[in-house]
Enquirer: 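Just dropping this structure here.
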Amino acid sequence: MGKITFPMPDDFHVHLREGRILESVIAATCGQFARSLVMPNTTAPIATADDAMRYEAAIRAVLPTDGKDFQPLLSIKLTDRTTPAIIRDATGRARVLAAKLYPAGVTTNSSDGVQDITSLYSVFEEMQRVDMVLSIHGELPGAFCLDREDAFLPTLERIATAFPSLRIVLEHITSKRAVEAIRSLRVGVVATITVHHLVLTLDDVVGDLIQPHHFCKPIPKTPADRAALVDAATSGDCRFFLGTDSAPHKNRNKAGDYGAAGVFSAPVALPLLVQCFEQYDQLDRIEAFCSRYGRGFYGLDATSRLITLRREKWTVPKSFGGLTPFWAGKDLSWQIADPPESFIKSWTRG
Ligand code: DOR
Ligand code: ZN
């Protein structure tokens, strides 16, 4: 098979940032995805309807002419200041689809995250009532770094039980126990899986020389954990769908005295996903994983847009919009057929 065509996917978890970085990365996302749920952990957080509407306008303002069909889907960040009224306003006025829970300190720009999750119970109650999705960065602060996700699972279970019709997404899962938890919890509790966690283990981060462009939260784990993720993504189970968690950082913030967590995967997201599903002989499952289950969960219409990838080996360039993309310098066996001009141009810029 030299080509594969499927409905243009949606990315249900992406960090587009703001300003110069937003301008640099947008072509990667609007060139491959019909819609993307944009994460609210910008430097000044997206925490209200007004913030979300301003952010949507900022994203639309930088869409290239060949990317105007792209639709940003909005989220807000839960903080200790979020109220039920903010939820009502966000869902009503700004059509915000999800509110994101970052336990304080677990990742980039989360120092204003939530200290005491039970203090948000009235907010969860309102989200349940208006049917806004609770999106969770599921790591327990303070636990040993490789155990943080598993240590959060009891909290997930408590929230799912206390709010029986609240729709919940456990984002970017990385462990076998998280996969098992999603399979065992009630209907309406699902998980996103990134492309990078389908291909990396901890060895690819620190097994040899430190690889700052592979460092992300949650940290990639063991081969057995990765195998469980691959199994979940390719199993035809609608509780697992794509959210790339593409998280660009300036190169100088990735390496140096400190390195920021985040894999800038958007530029290679679909070619690498196709390569991965093919490697496991599951290509017939890719459409459901990236184009069907997520939009089903979020209640969005199918898109009439299609995307085609063709089998042709290429080496991923060292820069996309001046930032180092995931897989830079390595080969891929698939590429986007007829990519938009803005996508092609970004590879050579910077
Ligand atoms: O590695 C990560 N980077 N994980 C996250 O959860 C956030 C993201 C970011 O915003 O940089
Ligand atoms: Zn993220």
Side-chain angles (χ1 to χ4, degrees), residues 10-18 35-61 70-104 106-107 109-138 152 155-171 185-192 239 241 243 294-301:
D10 299 321
D11 181 354
F12 284 102
H13 184 134
V14 68
H15 300 268
L16 293 179
R17 316 294 192 207
E18 299 158 285
R35 294 169 288 217
S36 295
L37 184 65
V38 291
M39 288 296 121
N41 65 332
T42 40
T43 317
I46 312 297
T48 64
D50 285 330
D51 297 340
M53 288 189 292
R54 258 198 306 273
Y55 192 39
E56 176 177 16
I59 295 167
R60 289 197 183 279
F70 172 75
Q71 197 188 339
L73 305 169
L74 305 176
S75 68
I76 56 168
K77 187 184 200 178
L78 295 171
T79 72
D80 292 329
R81 293 175 304 285
T82 312
T83 60
I86 287 177
I87 297 296
R88 266 193 305 284
D89 191 34
T91 189
R93 212 154 49 89
R95 296 188 316 279
V96 166
L97 289 188
K100 179 82 185 276
L101 168 63
Y102 290 96
V106 284
T107 191
N109 295 340
S110 62
S111 53
D112 59 349
V114 176
Q115 303 276 356
D116 170 15
I117 291 177
T118 58
S119 70
L120 278 178
Y121 271 26
S122 61
V123 169
F124 294 166
E125 193 72 53
E126 187 63 11
M127 289 172 64
Q128 177 171 254
R129 198 183 68 77
V130 301
D131 202 19
M132 185 192 282
V133 169
L134 174 63
S135 158
I136 303 181
H137 183 117
F152 186 84
T155 307
L156 173 69
E157 191 170 348
R158 269 197 300 279
I159 299 171
T161 306
F163 302 93
S165 54
L166 179 62
R167 290 184 300 140
I168 302 175
V169 183
L170 187 60
E171 301 287 349
L185 286 170
R186 63 160 171 80
V187 172
V189 182
V190 303
T192 54
R239 289 172 293 190
F241 55 82
R295 65 186 55 150
F297 177 79
Y298 276 97
L300 304 172
D301 296 338

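Start at 1 with the first residue, then count along the sequence.
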Enquirer: Indicate yes or no: at least one non-hydrogen side-chain atom of Val123 is less than 4.5 angstrom from one of Pro84.
Expert: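 Yes; the side chains approach each other to less than 4.5 Å.
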Enquirer: Let's go through Ile136 and Ile159 carefully: what are the C-alpha distance in whole Å and the side-chain angles of both, what is the deciding distance for side-chain contact (heavy atoms from CB on, under 4.5 Å) to 0.1 Å, and is it a yes or a no?
Expert: CA-CA 11 Å; Ile136 303 181; Ile159 299 171; 4.3 Å; yes
Enquirer: Counting neighbours of CZ on Arg93 that are heavy atoms of other residues, nucleotides or ligands and sit closer than 6.0 Å, is the number greater than 12?
Expert: yes
Enquirer: Nearest heavy-atom pair of Pro103 and Leu101: which atoms, and what distance?
Expert: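 Residues Pro103 and Leu101, closest heavy atoms: CD-O, 3.7 Å.
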Enquirer: Just how far is it from atom CG of Leu120 to atom CE of Met127, taken to the nearest 0.5 Å?
Expert: 9.0 Å
Enquirer: If you measure from the Lys or Arg side-chain nitrogens to the Asp or Glu carboxylate oxygens, is any gap between Glu125 and Arg129 under 4.0 Å?
Expert: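 Result for this pair is no, no salt bridge flagged.
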Enquirer: Using side-chain contact (heavy atoms from CB on, under 4.5 Å), reason through Val169 and Tyr298 one step at a time and then give a plain yes or no.
Expert: CA-CA 10 Å; Val169 183; Tyr298 276 97; 3.7 Å; yes
Enquirer: For the atom pair CZ (Arg81) and CG (Asp112), what is the distance rounded to the nearest 0.5 Å?
Expert: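 With rounding to 0.5 Å, CZ (Arg81) is 6.5 Å from CG (Asp112).
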Enquirer: Over all heavy atoms of both residues, which pair between Ala47 and Ile86 is shortest? Give the atoms and the distance, please.
Expert: O-CG2, 3.5 Å
Enquirer: Is there a donor-acceptor pair under 3.5 Å between the side chain of Asp10 and the backbone N or O of Arg35?
Expert: yes
Enquirer: To the closest 0.5 Å, what do you measure between CZ (Arg88) and CE (Met132)?
Expert: 11.0 Å
Enquirer: Is any side-chain heavy atom of Ile168 less than 4.5 Å from a side-chain heavy atom of Val190?
Expert: no
Enquirer: Look at atom CD of Glu157 and say whether more than 12 heavy atoms of other residues, nucleotides or ligands are closer to it than 6.0 Å.
Expert: no
Enquirer: Calculate, to the nearest 0.5 Å, the distance between atoms OG1 and CG belonging to Thr91 and Leu74 respectively.
Expert: 11.0 Å
Enquirer: Can you find a pair of side-chain heavy atoms, one from Lys100 and one from His13, that are under 4.5 Å apart?
Expert: yes
Enquirer: Quick one, Leu78 with Tyr102, criterion side-chain contact (heavy atoms from CB on, under 4.5 Å). Give me CA distance, side-chain angles, the key distance, then yes/no.
Expert: CA-CA 7 Å; Leu78 295 171; Tyr102 290 96; over 6 Å; no
Enquirer: Given Phe12 and Val133, is the side-chain contact (heavy atoms from CB on, under 4.5 Å) satisfied, shown in steps?
Expert: CA-CA 12 Å; Phe12 284 102; Val133 169; over 6 Å; no
Enquirer: Do the side chains of Asp89 and Thr48 get nearer than 4.5 Å, heavy atoms only?
Expert: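 The answer is no; the side chains never approach within 4.5 Å.
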Enquirer: Taking atom NE2 of His137 and atom OG1 of Thr107, what is their separation to the nearest 0.5 Å?
Expert: 5.0 Å
Enquirer: Can you give me the closest heavy-atom contact between Ile59 and Pro72, atom names plus distance?
Expert: CG2-CG, 4.0 Å
Enquirer: Rounded to the nearest 0.5 Å, how far apart are CZ of Phe297 and CZ of Arg239?
Expert: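 Rounded to the nearest 0.5 Å, the CZ-CZ separation comes to 12.0 Å.
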Enquirer: Between Pro45 and Pro40, is any pair of side-chain heavy atoms under 4.5 Å apart?
Expert: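 A side-chain contact under 4.5 Å is absent here.
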Enquirer: Can a donor-acceptor pair be found, under 3.5 Å and without considering hydrogens, that links the side chain of Thr42 to the backbone of Ala44?
Expert: yes
Enquirer: Mark yes or no for whether Asn109, through its side chain, and Asn41, through its backbone, hold a donor-acceptor pair below 3.5 Å.
Expert: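 Present.
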Enquirer: Donor-acceptor check, side chain of Tyr55 to backbone of Arg17, threshold 3.5 angstrom: yes or no?
Expert: yes
Enquirer: Any idea which heavy atoms bring Ala94 and Ala52 closest together, and the distance?
Expert: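 Minimum heavy-atom contact is CB-CB, 4.5 Å.
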Enquirer: Can a donor-acceptor pair be found, under 3.5 Å and without considering hydrogens, that links the side chain of Arg186 to the backbone of Pro164?
Expert: yes
Enquirer: Do the charged groups of Asp51 and Lys77 touch, with an N to O distance under 4.0 Å?
Expert: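 Not counted as a salt bridge, because no side-chain N and carboxylate O are separated by less than 4.0 Å.
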Enquirer: Taking C-beta and beyond as the side chain, do Ile76 and Ile87 meet within less than 4.5 Å on heavy atoms?
Expert: yes
Enquirer: Heavy atoms only: give me the nearest Asp80-Gly113 pair and the separation to one decimal.
Expert: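 Scanning both residues completely, I find the closest heavy atoms to be OD2-O, 4.0 Å.
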